[in-house]
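For clarity, every value in this text was computed on a predicted model and none was experimentally measured. By convention in this document, chain letters (A, B, ...) are assigned in the order of the sequence lines, proteins followed by strands, and residues within each chain are numbered from 1.
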2 protein chains.
Amino acid sequence: MGVTKTQNFTAEQNQMAAYAKALAHPARVAILQYLLKKQTCICGDLVGELPLAQATVSQHLKELKAVGLIRGTVEGTSVCYCIDAQKWEEVREIFLGLLASPIQCQDNCC
Amino acid sequence: MGVTKTQNFTAEQNQMAAYAKALAHPARVAILQYLLKKQTCICGDLVGELPLAQATVSQHLKELKAVGLIRGTVEGTSVCYCIDAQKWEEVREIFLGLLASPIQCQDNCC
DNA sequence: TTGATTTATCGTAAAGTTGCGATTAAGGTT
DNA sequence: AACCTTAATCGCAACTTTACGATAAATCAA
């Protein structure tokens, strides 16, 4: 059926999966890296930076906006994008929560 | 065309995207959480734990194995799974690298 | 107002993902 | 050997994602 059974997982699991999905494309990783470096930029900068057509970049921006990771504000003809600091902190905490988990068993654990 | 233009992005961007993709489904997050808690478990435990059919769980395990996050060793009729400690450390570093980036601008950055 | 610039959205094609029943393969058990 | 158990794989249906050209909408400039 091709539909994830969201309702059978915890909110935390779904949330983490949603954020991971936002990062699950090199173009979106590149967008976030660029935004973290420049702090702010207009859409056109990203179109120039990425090896993708304008429509495709716009679509990736839409997805990042959909999970709340970035915000865009209209500035005349352009749109200025930046990372949402609060959301970024939230993402950080969620990922650190999982990533910080220790692993006891080494090489031949099984 | 539905094909990610991998070759036009950096190795780091592609790698991060690949790991994020592995985490981009609640079932796979659940599998990792369970493995981090128990350190080790057999496939059947996961099938019992998750709200999914055996074939589906097996498929998710395959994806996690494909990126190297988990390892499975045959133990008689069962297969014992555990997290690959080295890979886990690598994933941690890659994600921390991005997540640690500071954000200067607040509320109305644009 | 006309025209240029910038970004979002639409439509579409190709490919990938999710899920499951059925089957296969491999190891145990009797 | 015949049978059970466990897990992987196959085949399929439904849905989602990626990508781009074309078009629309909105602002600015002359």
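Comparing A:K65 and A:T6, the nucleotide of DNA chain C nearest to each residue sits closer to the 5' end for A:K65.
For B:A53, the listed nucleotide lying nearest its side chain is C:dC20; candidates were D:dT18, C:dT7, C:dC20. Distances from the side chain of A:K5 to the nucleotides D:dT18, C:dC20, D:dA7 place C:dC20 closest. Of the candidates D:dA8, D:dT18, C:dA8, the closest approach to any side-chain atom of A:L61 belongs to C:dA8. With D:dC20, D:dT9, D:dT18 as the choices, the nucleotide that has an atom nearest any side-chain atom of A:L52 turns out to be D:dC20.
Rounded to whole Å, the distance from CD1 on B:I31 to C1' on C:dG19 is 14 Å. Taking atom NE2 of residue A:H25 and atom P of nucleotide C:dG16, one finds them 12 Å apart after rounding to whole Å. Rounding to whole angstrom units, NE2 of residue B:H60 and C1' of D:dA8 are separated by 15 Å. The nearest whole Å value for the distance from the CG atom in B:L64 to the P atom in D:dA8 is 12 Å.
Under the 4.5 Å side-chain criterion, counting only non-hydrogen atoms from C-beta, B:R71 is not in contact with B:I83. Counting heavy atoms from C-beta outward, A:L36 and B:L98 have side chains that approach closer than 4.5 Å. Annotation: side chain of A:Y81 is not in contact with side chain of A:I31 (no heavy-atom distance under 4.5 Å).
Across all strands shown, B:T4 has heavy atoms under 4.0 Å from sugar-phosphate atoms exclusively, and none from any base. At the heavy-atom level, B:S58 lies under 4.0 Å from base atoms of the strands shown.
Listed by residue number, B:C43, B:G44 are the residues of residues 43-51 of chain B with a heavy-atom contact under 4.0 Å to DNA chain D. Within a heavy-atom distance below 4.0 Å of DNA chain C, no residue of residues 8-23 of chain A is found.
Atoms OG1 and CD, on A:T6 and A:Q13 in that order, are 11.0 Å from each other to the nearest 0.5 Å.
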Exercise. For A:S58 and A:K62, what are the C-alpha separation, side-chain angles and deciding distance, and is it a side-chain contact (heavy atoms from CB on, under 4.5 Å)?
Worked result: CA-CA 6 Å; A:S58 201; A:K62 194 181 174 186; over 6 Å; no
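In this pair, A:H25 and B:F9 present their aromatic rings perpendicular. The plane angle is above 60°, beyond the 30 to 60° band.
In this model, the phosphate group of C:dA8 is approached by a side-chain N or O of A:Y81 to a distance below 4.0 Å at OP1 or OP2. In terms of phosphate contacts, B:T56 brings a side-chain nitrogen or oxygen within less than 4.0 Å of OP1 or OP2 of C:dC20.
For A:F95, the ring-ring contact (aromatic ring centres under 6.0 Å, His included) partners at least two apart in sequence or on another chain are B:F95. Partners of B:E89 by salt bridge (Lys or Arg N to Asp or Glu O under 4.0 Å), not counting sequence neighbours, listed by chain and number: B:R92. The side-chain contact (heavy atoms from CB on, under 4.5 Å) search around A:A22 returns A:L64, A:V67, A:L69, not counting sequence neighbours.
No hydrogens or angles considered: nothing links the side chains of A:S78 and A:E75 as a donor-acceptor pair under 3.5 Å. Judged by distance alone, the side chains of B:T56 and B:Q59 never bring a donor and an acceptor atom under 3.5 Å apart.
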For this session: Give the B/S/- string for nucleotides 22-30 of chain C, one per nucleotide from 5' to 3', where a protein heavy atom under 4.0 Å of the base yields B, of only the sugar-phosphate yields S, and otherwise -.
Result: B----SS--
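Contact of A:Q59 with C:dC10 (side chain to base): no donor-acceptor pair of N or O atoms is detected under 3.5 Å.
Summarising the geometry of B:L61 relative to B:C43, their closest heavy-atom pair is CD1-SG, 3.9 Å, with the distance given to 0.1 Å.
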